[in-house]
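I have placed the structure first, in the form of structure tokens, so that the comments after it can refer back to it.
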Amino acid sequence: HDELATACGNRLLCEQVRQYRLLVRAFCRSTGRRENLVHAMDEHRVILAALAARNPAKARAAMAAHIAARKAVVLAELY
């Protein structure tokens, strides 16, 4: 996450990624079942593939899908 934020050249994004790191880690611990981790890793691979292909629209869509999926997992686990 840090590498991606740094590569964007957006200082505010870098700061926000660092601020939310502890919160994200807490969510990862609470939903850290193997199945969830495998899905998250697959989502990361899609994001990285889009970045490697220099396809910003696909990277944006993959990132949005990743965030939505992880949010849904956390909410399902907590509620």
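Val73 and Tyr79 fall into different hydrophobic clusters, defined by Ile, Leu, Val, Met, Phe, Trp and Tyr side-chain heavy atoms under 4.5 Å apart, directly or through other members. In the hydrophobic clustering of this structure, Leu75 does not group with Ile67; members are Ile, Leu, Val, Met, Phe, Trp, Tyr whose side-chain heavy atoms approach within less than 4.5 Å, directly or through other members. Met63 and Leu48 fall within a single hydrophobic cluster, where Ile, Leu, Val, Met, Phe, Trp and Tyr are joined by side-chain heavy atoms under 4.5 Å apart, directly or via other members. Ile47 and Val38 fall into different hydrophobic clusters, where Ile, Leu, Val, Met, Phe, Trp and Tyr residues are linked whenever their side-chain heavy atoms come under 4.5 Å apart, directly or through other members.
Cys14 SG to Glu3 CD: the interatomic distance, rounded to the nearest 0.5 Å, is 9.5 Å.
Looking at residues two or more places apart in sequence or on another chain, you find a side-chain hydrogen bond (donor to acceptor under 3.5 Å, both in side chains) between Glu77 and Arg33. With sequence neighbours excluded, the residues satisfying salt bridge (charged side-chain N to carboxylate O under 4.0 Å, His left out) with Arg11 are Glu15. Judged as a side-chain contact (heavy atoms from CB on, under 4.5 Å), and not counting sequence neighbours, the contacts of Lys58 are Ala50, Asn55. Arg18 pairs by the salt bridge (charged side-chain N to carboxylate O under 4.0 Å, His left out) definition with nothing, not counting sequence neighbours. Arg60 pairs by the salt bridge (charged side-chain N to carboxylate O under 4.0 Å, His left out) definition with nothing, not counting sequence neighbours.
Pairs passing the ring-ring contact (aromatic ring centres under 6.0 Å, His included) check and including a residue from residues 31-59, sequence neighbours excluded, read His1-His44, His44-His66.
Leu4 places none of its side-chain heavy atoms less than 4.5 Å from the side chain of Val17.
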